[in-house]
Amino acid sequence: TFTLPDDAAGKCVFIRFGAADYHCEVWINGISVGVHEGGHVSFGFAITRALQAGENTVVVYARDDTRGGRQPLGKQSRRYHSSGCSYTRTTGIWQTVWLEWMNAVHIQSVKMIPDAQNGAVMLDALISAPAPDAELCAQASFAGTPQGEVRCAADGVHARLRLAVKDRHLWNAGEPNLYDLKLSLAVSGAVTDTVDSYFGLRTIAFDGKKCLINGRPVFQRLVLDQGYDPDGILTAPSDAALKRDIELSMAMGFNGARLHQKVFEPRYLYW
């Protein structure tokens, strides 16, 4: 159960799931708000229409058919325990669940395509709903120094723009240069949503069997990371544990990882 805080009043409210294995349906106060299939992918539902004053009740149904033969399992065992090269299965909610609330017109997602050779990033922002006189502003900085700003009209559900940076700081293995990105969406001059993010500039190519990053060959020393934890199986015990996993790999001389058998947590990808 939950009670919404006062600052959620009049907003669009969503419930988010990091992941639930496998077929999932969610009810708010007895009203079905959505169905999702897929054991590793993040998902969410709009729940504003189902909310009531005071306490609200959430019911989550999760069905995991590991023996039916029609559901992808990855490395999860069909038995109740590890067997051969298959591991103890994870069933139900295995990543974080949280609530979000925002204005009716907001930034739903942003796709970023780096153009390292020309020192720019292409942005495609998905807007929740069309609005007259809507404008998207993108600002980039590096280590606190402003690098560029661009604006575009956003009167549809897509806002596309090209943001060029003043100084080119390329991302490399062992030198993970990242730009800070701030997106602001305004309707009739009033800001309705802001998003803080980041991006990197780098090129990847191949010369025969050589992998080239920014035009230079990099010998790949990759660890096979299957993403299982001795305590939580697919679920890591903490954010610090996710970061520590990467630090241990680097300490052993690896400069990359093959992420295997699961869609990894966004926090792991962040680190």
Please examine the side chains of [Y] and [X], heavy atoms only from C-beta on, and report whether any two atoms are closer than 4.5 Å.
X: Ser82; Y: Ser77; result: no
X: Val218; Y: Asn172; result: no
X: Leu212; Y: Arg216; result: no
X: Val35; Y: His23; result: yes
X: Leu183; Y: Asp193; result: no
X: Glu25; Y: Ser32; result: yes
X: Phe199; Y: Ile113; result: no
X: His40; Y: Leu234; result: yes

Practice task
Using a cut-off of 6.0 Å, state whether more than 12 heavy atoms not belonging to Gln108 lie near its atom CD.
Solution key: yes
Examine the side chains of [X] and [Y] and answer whether a donor and an acceptor come within less than 3.5 Å of each other.
X: Trp271; Y: Asp245; value: no
X: Tyr87; Y: Gln226; value: yes
X: Gln220; Y: Asn255; value: no
X: Asp64; Y: Thr91; value: yes
X: Gln147; Y: Asp180; value: no

Practice task
Applying ring-ring contact (aromatic ring centres under 6.0 Å, His included), run through His106 and Trp101 and close with a yes or a no.
Solution key: CA-CA 10 Å; His106 58 266; Trp101 47 91; over 10 Å; no
Practice task
Report the C-alpha distance between Leu161 and Leu136 in whole Å, list the side-chain angles of each, state the deciding distance to 0.1 Å, and finish with yes or no for side chain to side chain contact (heavy atoms under 4.5 Å, CB included).
Solution key: CA-CA 9 Å; Leu161 46 81; Leu136 182 70; 4.1 Å; yes
Would you verify whether the NZ or CZ of [X] falls within 45 degrees of the ring axis of [Y] while also being under 6.0 Å from that six-membered ring's centre?
X: Lys262; Y: Phe264; value: yes
X: Arg221; Y: Phe219; value: no
X: Arg67; Y: Tyr80; value: yes

Exercise for the section: May I have the step-by-step check of side chain to side chain donor-acceptor pair (under 3.5 Å) for Thr66 and Gln71, ending in yes or no? Expected result: CA-CA 7 Å; Thr66 58; Gln71 178 182 305; over 6 Å; no
Determine whether [X] and [Y] fall in the same hydrophobic cluster, where Ile, Leu, Val, Met, Phe, Trp and Tyr are linked whenever their side-chain heavy atoms lie under 4.5 Å apart.
X: Phe43; Y: Val33; value: yes
X: Val263; Y: Ile233; value: no
X: Val59; Y: Tyr61; value: yes

Handout entry: Aromatic plane relationship, Phe142 with His169 - under 30° parallel, 30 to 60° tilted, over 60° perpendicular
Key = parallel
Measure across [X] and [Y] and return the closest heavy-atom pair with its distance rounded to 0.1 Å.
X: Leu242; Y: Ala236; answer: CD2-CB, 3.4 Å
X: Ala159; Y: Ala153; answer: CB-O, 4.5 Å
X: Thr88; Y: Tyr228; answer: O-CE2, 4.2 Å
X: Ala116; Y: Thr203; answer: CB-CG2, 3.8 Å
X: Thr1; Y: Thr57; answer: CG2-OG1, 3.9 Å
X: Leu181; Y: Leu163; answer: CD1-CD2, 3.8 Å

Problem - CA sep, side-chain torsions, deciding dist, call: His260, Asp225, side chain to side chain donor-acceptor pair (under 3.5 Å) - result: CA-CA 6 Å; His260 185 51; Asp225 187 342; over 6 Å; no
Handout entry: Main-chain N/O of Leu51 paired with Asn56 side-chain donor or acceptor, under 3.5 Å
Key = no
Practice task
Could you walk me through whether Gln95 and Phe17 pass side chain to side chain contact (heavy atoms under 4.5 Å, CB included), step by step?
Solution key: CA-CA 7 Å; Gln95 286 192 29; Phe17 289 78; over 6 Å; no
